[in-house]
There are 2 protein chains.
Amino acid sequence: MTERIIIADDHPLFRAALGHAVASVWPDATVIEASSAGEARAALAEPAECLLLDLHMEDSNGLSVLMDVRQDYPAVPVVIVSASEEPRVYSAAAQLGAAAFIPKSASLPVLREALQAVREGDNWFPDTGDEVEDDDLARISSLTPAQRRILEHMRAGLLNKQIAYELSISEATVKAHITAIFRKLNVISRTQAAMLAAKLDVDQPAADSTTS
Amino acid sequence: MTERIIIADDHPLFRAALGHAVASVWPDATVIEASSAGEARAALAEPAECLLLDLHMEDSNGLSVLMDVRQDYPAVPVVIVSASEEPRVYSAAAQLGAAAFIPKSASLPVLREALQAVREGDNWFPDTGDEVEDDDLARISSLTPAQRRILEHMRAGLLNKQIAYELSISEATVKAHITAIFRKLNVISRTQAAMLAAKLDVDQPAADSTTS
DNA sequence: AACGTATTACGACCTATGTCTGAGTCAGCC
DNA sequence: GGCTGACTCAGACATAGGTCGTAATACGTT
């Protein structure tokens, strides 16, 4: 009987590209496309050789789909395909039983290498080079409440004088806090601090994905 | 002579998928792949029929690349390819002179339809119905090239001195440009300007699963 | 050629930002 | 009580940021 490979991704073009790569590793496999987590689960009702799973789909909450699938079909290796390049997401996926993690920025040879490894029963994860950059998130969460309030106002583009007025403290205190914030965030100007705060405020999903 | 079509996207697999679609619309064209904004600009040194441009690449932070390209090569139609589904981004791209906007979630037939329209000199944008307007966009696109360059550097958190060095101009000139930028963007500090630039240039495909 | 306008450029000048030193209060903790 | 950490503030200081006036260049108009 032919092997069934399920590709779950909500980007048709990307499914097509993945399909080509799959075909070169499993030449005789039947490729089943799914554009949502629901379709992927439906496709799993019949035995499958492998599941390529996108983390960003309309009806999916990130890694929770992976959890579900691993629970219900532990025999099916799951290859996570994600736009994320965050090492924290790699390791989260690994802990949840993914067989491989492929960033969408991967090239075709890399993709084939990963799929080949999975076919042979191995795991495959991106090479992060051991020591990852220090974590912005950890740094920002080390701020004290007063420092966080001030960072919020900095981000809004207020002057120190305005921040002092808003928080009913002196400008000297604002400056003192700001100096402490810069140290903790490892930046040297209020613009960098504000950009960092803004970036991390949008990047909530990375921090949130393991707790749901 | 053969037509040159440039595909700029940092995902090799997606470039391949786009290449297939392009080949079906421009059968005899030469497809040139670029994996960064820099490579795309280099490829534009020779006449090109069309540029397919991803908004999210390593060395680019969004729509600023589009601005630059439109400025330097107004004759080349630019098709924006983005993971974003935000109507606000569509209209931003339209205002900045993009010929088309294709969400990465588009199917192959839709993609072909858009490319065909561009080939015939038309525009093509996703069907959204209601109008979105953005004063900020109009303001930011009124910046001169020098001002835009400086805004980009401001956004990266550089000091005026560093910007001056990068652009080989004096710090006094940087300051003068910054003052002009503030007036045009209607802000009063570099932090506000940087936040505004970041907000409008956003194309955050990697971080949109948000909360459960 | 003469003109207006937009852009880029610069220096002088004042203000905002950020650092450093030092110090006071308050709360929790061993 | 002694210790620590968070929050508060002030004065002095150095530097970065921002405004203003001014000028050279470029480009299109008349």
* Structure fact -> From CD1 of A:Ile163 across to C1' of D:dT8 the rounded distance in Å is 16 Å

* **Integer-rounded Å distance: D:dG18 P and B:Leu185 CG** => 13 Å

* Starting at atom CD1 of A:Ile150, determine the distance to atom C1' of D:dT8, rounded to an integer number of angstrom. => 11 Å

* To do: For D:dC9, take OP1 and OP2 only and decide whether either is under 4.0 Å from a side-chain N or O of A:Ser170.
  => yes

* To do: Would you confirm whether B:Arg4, through its side chain, and B:Ala43, through its main-chain N or O, come within 3.5 Å as a donor-acceptor pair?
  => yes

* Judged by atom type as modelled, is there a donor-acceptor pair below 3.5 Å linking the side chain of B:Arg149 to the main-chain atoms of B:Leu167? -> no

* B:Ile181 has an atom CD1; how far is it from atom P of D:dG17, in whole Å? -> 13 Å

* Structure fact -> A correct 5'-to-3' footprint of nucleotides 16-23 of chain C, with B, S and - meaning base, sugar-phosphate only and no protein heavy atom under 4.0 Å, is SBBBS---

* Asked: How is B:Thr173 classified with respect to the nucleic acid when contacts are heavy atoms under 4.0 Å: base, sugar-phosphate, or nothing?
  -> base

* Structure fact -> Separation between CG (A:Leu108) and CG (A:Leu18), nearest 0.5 Å, reads 10.0 Å

* Examine distances only and state if a side-chain atom of B:Arg70 and a backbone atom of B:Val76 form a donor-acceptor pair shorter than 3.5 Å. => yes

* **Whole angstrom value for the distance that separates C1' of D:dA16 from NE2 of B:His177** => 18 Å

* Asked: So, A:Arg15 and A:Asp54, do they make that salt bridge, N to O below 4.0 Å?
  -> no

* **CA sep, side-chain torsions, deciding dist, call: A:His20, B:His20, ring-ring contact (aromatic ring centres under 6.0 Å, His included)** => CA-CA 12 Å; A:His20 282 128; B:His20 282 129; 5.2 Å; yes

